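One structure below.
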Protein chains: 2
Amino acid sequence: MTWGRACHDVRVSSSLKDVAARAGVSARTVSNVVNGSARVSEQTRVRVQEAIDELGYRPNLAARSLRAGRTGIIGLAIPELHSPYFAELAGLIVDEAHRRSWTVIIDQTRGDAEAERRLLTGDGGRVMDGLVISPWALGAPDLTATARPLPVVLLGERSPQGMADRVAVDNVAAAEEATAHLLSSGRRRIAAIGLQPHLENGTARQRAEGYRRALRSAGVTPRAGWERSVTALHREDGARAMAELLDGDAAPDAVFAFSDELALGALHTAHARGLRVPEDLAVVGFDDIEDGRFSHPPLTTVSPDKRQIAARALQCLADRIYSPRNEVPAADLTIPHRLVVRGSTVGDAATR
Amino acid sequence: MTWGRACHDVRVSSSLKDVAARAGVSARTVSNVVNGSARVSEQTRVRVQEAIDELGYRPNLAARSLRAGRTGIIGLAIPELHSPYFAELAGLIVDEAHRRSWTVIIDQTRGDAEAERRLLTGDGGRVMDGLVISPWALGAPDLTATARPLPVVLLGERSPQGMADRVAVDNVAAAEEATAHLLSSGRRRIAAIGLQPHLENGTARQRAEGYRRALRSAGVTPRAGWERSVTALHREDGARAMAELLDGDAAPDAVFAFSDELALGALHTAHARGLRVPEDLAVVGFDDIEDGRFSHPPLTTVSPDKRQIAARALQCLADRIYSPRNEVPAADLTIPHRLVVRGSTVGDAATR
DNA sequence: CTGAAAGCGCTAACAG
DNA sequence: CTGTTAGCGCTTTCAG
């Protein structure tokens, strides 16, 4: 006995069939009205619409996607939502998905290799039509190994066998430019903050490579003590690394941080130690997050075209979702970047 | 003729039935193995598991939720993902949802009233089991008007008729404390940045109320020219408002910004104008985002317990999702906050 | 312990 | 133009 029924304003949810009954038509006709799939006489259209409104009918997406074999939902897996770079990127991806009438499920891996692997193997049910993932713990080998039952776009990390599309900036070139910029202002004792030798992931490795390449091109010998590793990419890690550098036997006159957050942490330490930026220490970051535009001094940084990353990534996904031909070779898209020079590297009375 | 079948590594996706056939059992048994719902002999269990692995079977969530009437997906609707406060909160909510085996769909309203209304009316199909929404454009009246077919938790804004649960800090009290802190250090020319008279939303109104209340308690007459409105809550808005204040006929010696982002923007302008913080100008923010801990100087701010906001909000949702009794009156949970005092209000040689 | 079968809400092929 | 109907893949009641 379901006596709860007595309460008239507790309508669970009406189905297509309910609407059909109320409008005195068949389910087929209601479906047509909802989707505009076939021509319906104006008269019945109105009657059906009334029934829909009165019953507050909403199509059940589960049923619909069970039929269609598609959910209209894509996954976005990033290490950390609270990291400004990923938050900005996620915002753009959600916008872009909106344009395509997709909904975005956000998964936060917290840099957990197992979580990333689970996502790639499509565990957790076939909810997503596709996945955009920015691997952090996983590196190239892992990405090849897993068989992927769903369209995947990798942000940043490359899959060596071309098993998935990849969208990223040219990390080596970008890091080289950033370092060259410091060299061009006469700095020679240039440190790097952000190496992550404990991770398979190659992004930090590529940036380190670009950094060293620029040094060598300028005839400066890379110095192991000036390459600081970090466990995470937060401000506090940058602050700590900077402190270690300043406490070392030879203090640098410039720092290239592999992310803006690290750079902002380094700035923090520099200020705390009474260093003038950029006079005593020049700082370059990577990502162009909004905080860097308003920091003191504003941060010189490598700015990837985030909007384009979002757009291209979803385009790749759409291509694979809507054309089941698996023959398409994996795309490897290089997104443009530019060096944005601000007060943290170039002296300017107004900013200090 | 579906000749694509010939390609053996293009398996679309195997169903429960396929697994059953391969294992030589019925679908029922496979279901039991997958869900552990009934006792299955070890022997068949193993055989079924093998079949699952060989076929790479993943349960179809659409089908499952069609049966269950529940999707295991909750919605999170926030104005902007790239805003640090919402990004941090979203991260915590995703974590908390994870703990409950829920998936989170993120919707970004960009402060669009229509988008917020659409979400509340449950448009877009019954995908979500519940919704956590932080209304920005919508105010109390709108929130009452809409009939909500799904459990909703409001962050910040109160629904006057108690139509939905609400989780928020005590904005008036928090603003009053922040302002009192400035007063206690001897400041009297205290400005406020962040009013949004054009919005229905009451959050800014409450903070303004607390601000004025503190001034009056100290015998200071609120001054209209020191209450600055903003269109958005970004750094640039704070920077602009600060510039207007400094260009006004009477410059303030302290600022209470209704968000950390606004406060950081204000700091930016203060630095650009050569003001010393906190000597010439003290600044307090609201939200306690990470940037504020590493800004120069570090930002004094009102810190809401974000982790608790996330936990309580999802608890409310769970209560409604799992107990269909609609009788439960709407909860109105006040989350604790505390004032975190840092260098932007209290002089300290080390931070400047 | 396992099999058969109904049905969740929707779409689309087939009739009329 | 509209009605009937067969599943999409899964869970679950009822038998065996």
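Computed from a predicted model, the values in this text were never measured in an experiment. Scope of the values below: all heavy atoms of this structure, side chains included, with no hydrogens, waters or symmetry mates. In what follows, chains are A, B, ... by sequence order, proteins preceding strands, each numbered from 1.
What separates CZ of R64(A) from C1' of dC10(D) is a distance of 20 Å, to the nearest Å. Rounded to a whole Å, the CZ atom of R58(B) is 17 Å from the P atom of dG9(D). The nearest whole Å value for the distance from the CG atom in D18(B) to the C1' atom in dG9(D) is 10 Å. Atoms CG (N35(B)) and C1' (dC10(D)) sit 9 Å apart, rounded to a whole Å. One can place CG of L61(B) at 11 Å from C1' of dC10(D), the figure rounded to the nearest angstrom.
Taking a heavy-atom distance under 4.0 Å as the criterion, the stretch of DNA chain C touched by chain B extends 5' to 3' from dC1(C) to dG9(C).
Checking dG9(D), dT2(D), dC10(D) against the side-chain heavy atoms of V40(A) singles out dT2(D) as nearest.
Among the heavy atoms of the strands lying under 4.0 Å from S31(B) is at least one base atom, whether or not backbone atoms are also near. Residue-level contact check: S65(A) touches neither bases nor backbone, having no heavy atom under 4.0 Å from any strand.
Side-chain contact between D107(A) and H98(B) is present, with heavy atoms from C-beta onward closer than 4.5 Å. With a 4.5 Å cut-off on side-chain heavy atoms, V167(A) and D332(A) do not count as touching.
Using a 4.0 Å cut-off, no side-chain N or O of N32(A) falls inside it from OP1 or OP2 of dC1(D).
A salt bridge does not link R47(A) with E50(A): every distance from a Lys NZ or Arg NE/NH1/NH2 to an Asp or Glu carboxylate oxygen is 4.0 Å or more. Taking 4.0 Å as the cut-off between side-chain N and carboxylate O, R166(A) and E157(A) do not count as a salt-bridged pair.
Between Y57(A) and S14(A), the shortest heavy-atom contact is CD1-O, 3.1 Å. Scanning all heavy atoms of the two residues, the minimum distance from Q108(A) to D95(B) falls at NE2-OD1, 3.2 Å. The minimum heavy-atom distance linking M128(B) with L150(B) is given by the pair O-CD1, 3.8 Å.
Five base pairs at each end of the helix from dC1(C)-dG16(D) to dG16(C)-dC1(D) define two local axes, and these are offset by 40° (rounded to 10°).
The backbone N or O of L61(A) lies less than 3.5 Å from a partner atom in the side chain of S65(A), making a donor-acceptor pair. Remark: the backbone N or O of A330(B) is not paired with any side-chain donor or acceptor of D165(B) at under 3.5 angstrom.
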Identify the pairs formed between an N or O of the protein and an N or O of nucleotides 4-7 of chain D at a distance under 3.5 Å, and give each distance.
unit_1	atom_1	unit_2	atom_2	d
dG7(D)	N2	R67(A)	NE	3.3
dG7(D)	N2	R67(A)	NH1	2.6
dG7(D)	N3	R67(A)	NH1	3.3

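Just one residue in the list I78(A), I106(A), L314(A) forms a side chain to side chain contact (heavy atoms under 4.5 Å, CB included) with I93(A), and that residue is L314(A). Across V153(A), I321(A), L154(A), a single residue satisfies side chain to side chain contact (heavy atoms under 4.5 Å, CB included) together with C316(A), and that is V153(A).
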